[in-house]
A.B. asks: 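Quick one: the structure is below, questions incoming.
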Amino acid sequence: MNVQFIGNTEQQILTTYHAPLNGGLHSGLNGGQSTGVLIATPIGTEYLRTHWALRRLTQQLTRAGFPVLRFDYSGVGDSSQDFSEVHSLVDWYDDLRKAAWSLQSQSECHRIIIVGLRLGAAIAIGAASDNQGVDGLSEIIGWQPVLDGKDYLQSQRSMHACMLDLWPTPINAIANRTHEEILGCLYSRRLLDEIESINLNRGVTDGLPKSVRYNDVSEFKSTHENNQTVGPSSNTTTRIDSNTITNAVENPAWDDLRYLEIAWLPLQEPRQILKLIQSSAKEAQ
Amino acid sequence: MLHETVLRFGPNDQLVGVLTEPAIDANSANNSSKADSPIAVFLNAGVVHRVGPHRMNVQIARALADAGYRSLRIDLSGLGDSAIRSDATSAAERALLDIHDAFDKLQELTGVDRFAVIGLCSGSFHAHQISLIDQRVCGAVFIDGFAFATRQHRRRKLYKKLSFRFVRNAIKRRVLKLTPLESLASSGEGLEQAQFFEGYTNRHSIAKEIEQMVRNGQRLHFVYTGGHPDISAAAQFTEMFDLSCDGGQIRVEYFGDAEHTFPLVQSRKELSESIVNWYQGFPAIPVLVNHYETVSDSLGTGTDKNETSENTASALGAPCTSPWALAPSPLAIPQNPF
């Protein structure tokens, strides 16, 4: 494992690279058909709740021979900046591109699959869709993806309001012309506007030159077999499954205030993500 | 500007931490006077990795760096990015070895042999333990650490329960189905301290240990929040331990409006200011060198390579000689999948 900061001092992001185990079945040693996996995390409290789940997924991927890189966006985790200083999703797109470059340079992989959890899925799709794209990207797997930014923020705001309402003493959080506090994060208004504009239900991924799969966990097999093709795309197929429905045992309860600080430790889902990646790597070969 | 670098330590360098250092201005006497100040070491709260609940460790570390102090936020073995160590028998023993290894690494890199440990909840528990056994600890911040309900506390709690807001909130929680999760440690109300700290349930033994820390010359900062079910005022510290907080070696602060994990921006800011303010009370140590290098420089990732590298150990750096407890746990583990 190689934990390091990349980028200049003022805008450095923390990356954690995990080399493949088992001789690197899917690493750069494997006849040019190498596949690396980049993990795009959620933000805010979801980032903290899912840290273990993503580490677990990483362990399973490296055991299966995939090089994996995790990273923190600017203003998140150990990376530089305060959350309130992030004014645009574009900043996070840039971070993701830097992380992808770091993964390629450390693993020598030619092909990148991004696993985007929650808002991480939207960030990955955003980065892949804009002018710069992501070098080497072959597929994005949206894991419990945020498909509708408006719904996402509404849910976050609702929990935040409920938390304040149930506070032992009357209390206010920050909300002014430039920033709004939601569940412990101080969002800039511009960033909120951009998150609110995320809508992956309406064919926003049309024209996206990469394959996008949204895993449906409880109905994994059936949805995997019944992928819908949505919209025309230039070279490859953009496949959108239904949004994730989780089973009760592994319920992450993203919109339940009681779970706000409960670590989410899914057992089944990382295995299913692993299967998706393995099948994708096999197809590429 | 501050420097942040990754530090590996422990057996086979399998433990991970992030070192935060102030920017170095070679012309500033202020900087060099703080080169020998104790280095703060942040401990994990529950299973939250080194950034801390709501990223509070990062925020405090950077505030300390702005004030001229260095800090290291670590992942204890098995948490965050650190691997599990195999040379210890229990989790408690592992944690103490991890902290000890972090001190060794920092001492080796900087020459500084004084440390201040900062921990919330279970981090506070570990901070308490390491403060008792490692002579290099010269200060500690215990956030929502040991607390014991007193008669006065029960009275204050009763008044609170009779308040309109308490009753209103109880009804709302029931209506909104937001009653605490039964099977998890997220509700501190129903938990007994003994569940977490067997052998540490006697407040007299804790008081004796705190006294020992004071005798050893350690500066102690106790921070409690309104989210801790067993404490309701700063004055309760004296009620619990029969120790006076004269503002000297022991400082006690009660953040009544804050929750256990400081989920609000303003409360984290106040906590950060409180800790930086407390940190500035460490006595200045005479400076033996005119220059010091940042650890990032010595690791080869710094920016100013022209600085003279000299040992910054202080001649006067005399060794001075939670708990998840009661409050809702930060990121409680619902089940162990491993």
Side-chain angles (χ1 to χ4, degrees), chain A residues 1-5 9-10 12 14-16 44-45 47-49 51-53 55-56 59 70 72 75-80 82-84 160 162-174 179 181 183-186 249-251 253 256-267 270, chain B residues 1-6 8 14 16 18 46-51 53-55 58-59 62 73 79-81 83 160 163 165-166 169 172-173 176-181 184 186-187 226-227 256-257 259-268 301 303 328-338:
Chain A
M1 185 177 71
N2 182 24
V3 190
Q4 63 175 351
F5 285 103
T9 315
E10 288 174 36
Q12 63 182 9
L14 187 92
T15 60
T16 308
T45 54
Y47 161 81
L48 289 174
R49 287 190 62 195
H51 193 268
W52 267 32
R55 195 180 168 192
R56 181 177 171 78
Q59 285 168 343
R70 297 182 286 127
D72 290 340
V76 176
D78 285 306
S79 292
S80 65
D82 188 73
F83 194 89
S84 61
H160 179 72
C162 188
M163 180 178 81
L164 294 185
D165 187 43
L166 292 173
W167 209 264
T169 52
I171 200 156
N172 291 315
I174 298 168
H179 289 86
E181 180 177 355
L183 294 175
C185 288
L186 198 54
V249 177
E250 304 201 337
N251 182 13
D256 188 335
L257 188 58
R258 293 173 305 168
Y259 287 81
L260 189 67
E261 296 182 341
I262 303 293
W264 180 50
L265 304 174
L267 296 171
Chain B
M1 268 314 298
L2 48 83
H3 299 267
E4 289 197 313
T5 42
V6 175
R8 306 294 295 262
Q14 286 191 315
V16 177
V18 172
V47 298
V48 186
H49 72 293
R50 60 188 174 271
V51 302
H54 301 282
R55 215 182 176 214
V58 177
Q59 185 176 345
R62 290 175 184 175
R73 47 184 185 271
L79 297 176
D81 291 315
K160 196 176 163 188
S163 72
R165 194 166 177 92
F166 186 90
N169 284 0
K172 275 200 165 186
R173 280 182 194 278
L176 296 172
K177 295 180 179 168
L178 283 172
T179 47
L181 301 168
L184 305 176
S186 60
S187 164
D257 281 339
E259 266 298 329
H260 182 54
T261 57
F262 293 81
L264 293 182
V265 171
Q266 181 60 27
S267 62
R268 286 201 300 278
T301 53
T303 52
S329 63
L331 281 178
I333 314 172
Q335 54 192 312
N336 187 348
F338 303 110

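Throughout, a chain's letter reflects where its sequence line sits, starting with A, and its residues are numbered from 1. When reading the values below, keep in mind they use all heavy atoms of this one structure, side chains included, and skip hydrogens, waters and symmetry mates. Everything numeric in this text was worked out from a predicted model, so none of it was measured.
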A.B. asks: Compare every heavy atom of B:R165 with every heavy atom of A:T169, then report the nearest pair and how far apart it is.
C.D. replies: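 A:T169 and B:R165 have their closest heavy atoms at C-NE, 3.5 Å.
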A.B. asks: Return the CD to CH2 distance between B:E259 and A:W167, rounded to the nearest 0.5 Å.
C.D. replies: 5.0 Å
A.B. asks: Can you find a pair of side-chain heavy atoms, one from B:V16 and one from A:M1, that are under 4.5 Å apart?
C.D. replies: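 B:V16 vs A:M1: side chains touch.
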A.B. asks: Kindly determine whether B:R173 and A:R258 satisfy side chain to side chain contact (heavy atoms under 4.5 Å, CB included), including the steps that lead there.
C.D. replies: CA-CA 10 Å; B:R173 280 182 194 278; A:R258 293 173 305 168; over 6 Å; no
A.B. asks: Apply the test salt bridge (Lys or Arg N to Asp or Glu O under 4.0 Å) to residues A:R70 and B:D81: give CA-CA distance (whole Å), side-chain angles for both, the deciding distance (0.1 Å), then the verdict.
C.D. replies: CA-CA 11 Å; A:R70 297 182 286 127; B:D81 291 315; 2.4 Å; yes
A.B. asks: Tell me, out of A:S79, A:G44, A:C185, who's got the most heavy-atom pairs with chain B below 4.5 Å.
C.D. replies: A:S79
A.B. asks: What part of A:Q4 lies closer than 4.5 angstrom to a heavy atom of chain B: side chain, backbone, both or neither?
C.D. replies: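 Contact with chain B is through the backbone of A:Q4 alone.
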A.B. asks: Checking heavy atoms, do the side chain of A:L14, its backbone, both or neither come under 4.5 Å from chain B?
C.D. replies: side chain
A.B. asks: Distance check, rounded to the nearest 0.5 Å: A:L257 atom CG versus B:L176 atom CG?
C.D. replies: 9.5 Å
A.B. asks: Locate the shortest heavy-atom distance separating A:W52 from B:V47; write the atom from each residue and the value.
C.D. replies: NE1-O, 3.8 Å
A.B. asks: We want to know whether A:E261 and B:H54 form a side-chain donor-acceptor pair, criterion being a heavy-atom distance below 3.5 angstrom.
C.D. replies: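 On atom types as modelled, these side chains qualify, holding a pair under 3.5 Å.
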A.B. asks: Evaluate the criterion side chain to side chain contact (heavy atoms under 4.5 Å, CB included) for residue pair A:M163 and B:L264; output intermediate values, then yes/no.
C.D. replies: CA-CA 10 Å; A:M163 180 178 81; B:L264 293 182; 3.9 Å; yes
A.B. asks: With heavy-atom distances below 4.5 Å as the criterion, would you say the side chains of A:L48 and B:H49 are in contact?
C.D. replies: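 Yes - at least one pair of side-chain heavy atoms lies under 4.5 Å apart.
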A.B. asks: Under a 4.5 Å heavy-atom cut-off, does chain A meet the side chain of B:L2, its backbone, both or neither?
C.D. replies: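 Only the backbone of B:L2 comes within 4.5 Å of chain A.
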A.B. asks: Can you say whether A:I174 sits under 4.5 Å from chain B via the side chain, the backbone, both, or neither, judging by heavy atoms?
C.D. replies: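 For A:I174, the contact with chain B is made by the side chain alone.
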A.B. asks: Name the region of A:D72, side chain, backbone, both or neither, that has any atom closer than 4.5 Å to a heavy atom of chain B.
C.D. replies: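 Neither part; nothing is under 4.5 Å.
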A.B. asks: Checking A:E10 against chain B: side chain, backbone, both or neither under 4.5 Å from a heavy atom?
C.D. replies: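 Looking at A:E10, backbone and side chain both touch chain B.
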A.B. asks: Nearest 0.5 Å, please: how far is OG in A:S80 from CZ in B:R62?
C.D. replies: 6.5 Å
A.B. asks: Just verifying a value: how many Å separate A:D78 CG and B:R55 CZ, rounded to the nearest 0.5 Å?
C.D. replies: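 These two atoms lie 7.5 Å from each other.
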A.B. asks: Considering only heavy atoms, which portion of B:V265 lies under 4.5 Å from any heavy atom of chain A: side chain, backbone, both, or neither?
C.D. replies: both
